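Computed from a predicted model, the values in this text were never measured in an experiment.
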Amino acid sequence: MAAPTPQTKLDAVNAMLGTVWEAPVSSLNVTGVASVAKAVAVLDSTLRSVLTRGWAFNVEYNYPLALDVNSKVPLPANTLAVDTMGDSQLIDAVQRGSFLYDRGNHTFTFDSGPIYVRIVLGVAFEDLPETAKEYIAILAARRFKAEYLGQSEGDPTSAEIEALRNMEDAEADAGDHNVFTGSWSVARVLYR
């Protein structure tokens with residue numbers, strides 16, 4: 001028996017197709033099969049919505065963003081969410097399009113940089129931890145089936161609940177969360 005291999009995007013799409021009794025495909029580049037394109041779109045949408053929450057595997061802390069030649073702060077193309085922190089925590093900045101916007105001064109330009117942020121990044125399906133792949137694939141399959149059959153999504157299945165629990169357990173292990181050191185406000189008080 002061969003050792004299990006990591007789930008691929010093709011595996012996830014084929015599982016999604018199976019929920020509506022469609023035959024598996026050997027490639028995601030199949031032309032003329034609308035269900036494959038729809039499954040890929042639902043998987044990508046589900047991936048984005050799950051990643052936006054921010055997990056240990058797709059969040060960077062105290063991430064320095066440099067100013068460009070116009071004193072603007074361009075964001076990486078895969079930015080899903082951003083907030084200032086650390087030395088830049090007093091700057092009231094938000095994402096506007098592909099740049100950081102200073103709400104306090106009502107401008108896209110900044111006086112100096114870098115600007116330090118907590119940034120949530122989009123990650124390709126193949127680059128996710130296996131627990132995240134499993135949860136996203138199961139959730140996407142439920143969403144795809146509902147859209148394909150024109151039904152409501154319904155309640156999560158026991159497999160989906162178990163996959164989310166496994167993902168959250170992996171998050172707890174990888175995230176090294178700690179009430180004393182995992183919170184900037186608590187850490188500021190402790191390390192005065």
Side-chain angles (χ1 to χ4, degrees), residues 6-10 12-13 28 40-140 143 163-192:
Q7 183 173 189
T8 65
K9 191 171 185 177
L10 178 62
V13 167
L28 296 178
V40 170
V42 170
L43 181 61
D44 289 344
S45 173
T46 302
L47 172 65
R48 197 171 28 259
S49 72
V50 170
L51 293 183
T52 299
R53 173 177 166 183
W55 301 85
F57 58 82
N58 77 318
V59 174
E60 298 281 340
Y61 295 94
N62 247 357
Y63 189 89
L65 295 172
L67 277 65
D68 67 10
V69 295
N70 298 317
S71 296
K72 294 171 82 174
V73 179
L75 297 170
N78 60 334
T79 300
L80 299 176
V82 66
D83 190 26
T84 55
M85 67 175 302
D87 290 342
S88 302
Q89 69 186 354
L90 297 178
I91 300 170
D92 183 15
V94 295
Q95 179 177 358
R96 291 239 178 122
S98 59
F99 291 94
L100 207 57
Y101 177 77
D102 183 344
R103 292 189 318 173
N105 294 310
H106 313 289
T107 183
F108 281 100
T109 60
F110 292 81
D111 294 333
S112 64
I115 306 296
Y116 293 93
V117 297
R118 173 190 179 271
I119 191 166
V120 179
L121 299 168
V123 177
F125 186 84
E126 286 78 6
D127 294 335
L128 297 174
E130 199 59 31
T131 56
K133 289 179 188 178
E134 185 69 16
Y135 173 65
I136 290 166
I138 292 171
L139 176 58
R143 290 177 173 176
L164 177 58
R165 188 176 312 126
N166 290 341
M167 185 174 163
E168 289 173 337
D169 286 348
E171 168 71 10
D173 290 342
D176 299 326
H177 302 292
N178 180 311
V179 70
F180 296 111
T181 60
S183 164
W184 283 100
S185 57
V186 172
R188 230 184 357 259
V189 171
L190 289 175
Y191 301 112
R192 284 185 187 174

Interatomic distance, OG1@Thr79 vs OH@Tyr63, rounded to 0.5 Å, equals 7.5 Å
- Query: Does Thr84 use its side chain to pair, donor to acceptor, with the backbone of Ile91 at less than 3.5 Å?
  - Reply: yes
Between Leu100 and Ala93 the two heavy atoms that sit nearest each other are CG-CB, 3.7 Å
CG (Leu51) and CG (Leu80) are apart, to the nearest 0.5 Å, by 6.5 Å
dist Asn62:CG -> Gln89:CD (nearest 0.5 Å) comes out at 9.5 Å
CG (Asp83) and CD (Gln95) are apart, to the nearest 0.5 Å, by 11.5 Å
Taking every heavy atom of Asp68 against every heavy atom of Asn70, the minimum-distance pair comes out as OD1-N, 2.9 Å
Problem set entry | Contact check, side chains of Leu67 and Lys72, non-hydrogen atoms, under 4.5 Å | no
Polar side-chain atom of Glu171 near backbone of Ala56 as donor-acceptor pair, under 3.5 Å
yes
- Item | CA sep, side-chain torsions, deciding dist, call: Arg165, Glu134, salt bridge (charged side-chain N to carboxylate O under 4.0 Å, His left out) | CA-CA 11 Å; Arg165 188 176 312 126; Glu134 185 69 16; over 6 Å; no
From the list Thr46, Ile136, Asp44, side chain to side chain contact (heavy atoms under 4.5 Å, CB included) with Phe125 holds only for Ile136
What one should report as the nearest heavy-atom pair of Gly54 and Val120 is CA-CG1, 3.9 Å
Could you go step by step and tell me if Arg118 and Glu60 meet the side-chain contact (heavy atoms from CB on, under 4.5 Å) rule?
CA-CA 6 Å; Arg118 173 190 179 271; Glu60 298 281 340; over 6 Å; no
Between Met167 and Val50, the two heavy atoms sitting closest are CE-CG1, 3.8 Å
Residues at least two apart in sequence or cross-chain that pass side chain to side chain donor-acceptor pair (under 3.5 Å) with Thr8, listed by chain then number, are Asp11
Give the table of side-chain donor-acceptor pairs shorter than 3.5 Å for residues 107-117, with sequence neighbours excluded, one pair per line with atom names and distance.
from	atom 1	to	atom 2	distance (Å)
Thr107	OG1	Thr109	N	3.1
Thr107	OG1	Thr109	OG1	3.0

Nearest heavy-atom contact between Ile119 and Pro76 is CD1-CD, 3.8 Å
Answer yes or no: is there a donor N or O on one side and an acceptor on the other, between the side chain of Asn58 and the main chain of Leu121, under 3.5 Å? yes
Hey, are the side chains of Tyr101 and His106 touching, using non-hydrogen atoms and a 4.5 Å cut-off? yes
Looking only at heavy atoms, the pair that brings Ala137 and Leu43 closest together is CA-CD1, 4.5 Å
Residues passing the side chain to side chain donor-acceptor pair (under 3.5 Å) test with Asn105, sequence neighbours excluded, are Asp102
Is a side-chain N or O of Thr52 found less than 3.5 angstrom from the main chain of Arg48, in a donor-acceptor match?
-> yes
Exam field: side chain Gln7 to backbone Glu130, donor-acceptor pair closer than 3.5 Å
no
Practice item. With salt bridge (charged side-chain N to carboxylate O under 4.0 Å, His left out) as the test, would you mind laying out the steps for Arg103 and Asp92 before giving the verdict? Key: CA-CA 6 Å; Arg103 292 189 318 173; Asp92 183 15; 3.0 Å; yes
